[in-house]
Amino acid sequence: MTKNKENNLTRRQALGLTAGAVAGSAALAAPALAQDADPVIEWRMVTSWPKNLPGPGMSAQRICDRINIMSNGRMRVRLFAAGELVPAFEVFDAVSSGTAQMGHSAAMYWAGKMPGSVFFTTIPFGLLPQEHTAWVDQLGGQELWDELYAPFGVKPFMGGNTGPTMAGWYRDPVETLDDLKGRKLRIAGLGGEILRKLGVTPVNIPASEIFTSLQTHVVDGVEFLGPWSDSALGFQKLVKYYYGPGFNKPNGTGEAIVNAVALEGLSPELQAVVEEACRVEADLALSEANAQNAASLKVLQEEHGVEVREFPEEVLTALKETSAEVLDVYTQKDKMARKIYESYIEAQELLAGWSALSLGKNISARG
């Protein structure tokens with residue numbers, strides 16, 4: 001990797017030398033021209049998504065494009081979709097090892113390696129998108145995220161957001177707790193562990209394989225994201241019951257991860273370019289998700305006959321009670337996970353009152 005040498009003589013300075021100094025400047029002019037010809041810094045980004053998947057796949061591509069443009073051509077980041085360079089769930093290891101300099105994925109996929117990682121995507125009944133951003137940016141979340149990933153040589157950034165999700169697509173309706181028992185559901189994160197306690201068999205399947213798994217009855221239902229991304233994968237062609245709210249993923253932060261050595265090898269200016277490219281995407285993706293999910297939900301209902309349902313109160317209550325139990329046990333097993341959990345809950349308690357007043361009451365008041 002090439003690091004900019006800001007003190008080198010520029011082409012303009014070289015050309016501006018006086019005639020009387022030409023002979024003495026000849027040796028300096030050559031390095032100046034070499035500096036102008038410095039090779040473009042080539043990076044690879046690996047992702048957990050099919051190429052240009054509405055939502056996270058598009059976020060990954062836009063981050064690459066933004067770095068290319070903002071660096072004024074000094075950097076070029078090439079995107080590799082899931083399976084093109086590494087499998088969907090090996091993105092973190094690829095970035096850690098330097099196989100790729102960047103990755104785009106969801107932190108919850110690394111729970112087996114770092115239990116505390118789930119909090120940086122979302123947890124059941126947890127922070128909403130604007131609350132999650134406040135925790136990461138203002139209330140200590142980013143520092144904990146950095147601390148968690150540092151031993152692996154990885155620097156994380158928020159790099160997108162799919163917003164609150166739906167609870168999933170079900171082949172048959174869920175009217176009682178007993179209706180959950182025995183079902184196989186594609187679901188990621190701690191939501192799967194909560195449903196396991198209620199008799200569901202959770203299965204984690206990469207996005208590119210979900211449709212086929214549902215079509216061939218490998219699973220009875222699917223939880224993925226929201227109406228926009230879900231409809232792009234075609235779930236409405238196979239099942240018609242679409243449940244909410246997405247208790248298991250009230251937020252959808254996508255992460256952009258960078259190999260720490262590669263990042264440190266950049267000039268401060270280019271480091272800022274990488275960070276800002278990710279930050280912009282975190283904001284843009286959330287506004288996009290809100291607009292597209294609203295439009296896609298309408299299409300699903302009006303054109304595809306999808307029936308949007310809410311879980312019965314009995315089921316939602318059981319999910320919430322089980323969530324508290326699972327989180328407590330889960331975070332007792334790992335010191336860092338407990339540290340992150342305590343910070344997360346402290347932020348949630350602080351933000352809850354304002355969110356209820358500023359969002360909940362306004363939504364209720366406008367009817």
> Which of these passes side-chain hydrogen bond (donor to acceptor under 3.5 Å, both in side chains) with N161: T121, N251, T133, T122?
Replying inline: N251
Side-chain heavy atoms of [X] within contact of [Y], under 4.5 Å:
X    : Y    : result
R279 : M158 : no
M45  : I67  : no
Q271 : L263 : yes
T162 : K249 : no

> So Q236 and W169, side-chain contact (heavy atoms from CB on, under 4.5 Å) or not? Walk me through it.
Replying inline: CA-CA 8 Å; Q236 70 277 9; W169 299 80; 3.9 Å; yes
> Hey, what's the ring geometry for F92 with W110, parallel, tilted or perpendicular (30° and 60° as the breaks)?
Replying inline: tilted
> Where does the angle between the aromatic ring planes of W145 and Y149 fall among parallel (under 30°), tilted (30 to 60°) and perpendicular (over 60°)?
Replying inline: perpendicular
>> Does either side chain, that of T176 or that of D178, offer a donor lying less than 3.5 Å from an acceptor on the other one?
In response: no
> If you measure only the distance, is there a donor-acceptor pair under 3.5 Å linking the side chains of Y242 and D230?
Replying inline: yes
>> My understanding is that only residues two or more places apart in sequence, or in another chain, count here; which of them pass salt bridge (Lys or Arg N to Asp or Glu O under 4.0 Å) with E288?
In response: R62
In the single-linkage hydrophobic clustering (I, L, V, M, F, W, Y; side-chain heavy atoms under 4.5 Å), do [X] and [Y] co-cluster?
X    : Y    : value
L79  : L284 : no
Y341 : M108 : yes
V154 : I340 : yes

> Should the pair K333 and Y330 be classed as cation-pi, given the thresholds of under 6.0 Å to the six-membered ring centre and 45° from the axis?
Replying inline: no
Heavy atoms of other groups near [X] [atom1], more than 12 under 6.0 Å:
X    : atom1 : result
Q138 : CD    : no
E342 : CD    : yes
R171 : CZ    : yes
E346 : CD    : no

> For the residue pair P124 and L327, what are the closest heavy atoms and their distance?
Replying inline: O-CD1, 4.5 Å
> If you take all heavy atoms of S48 and A88, which pair is closest and at what distance?
Replying inline: OG-O, 2.6 Å
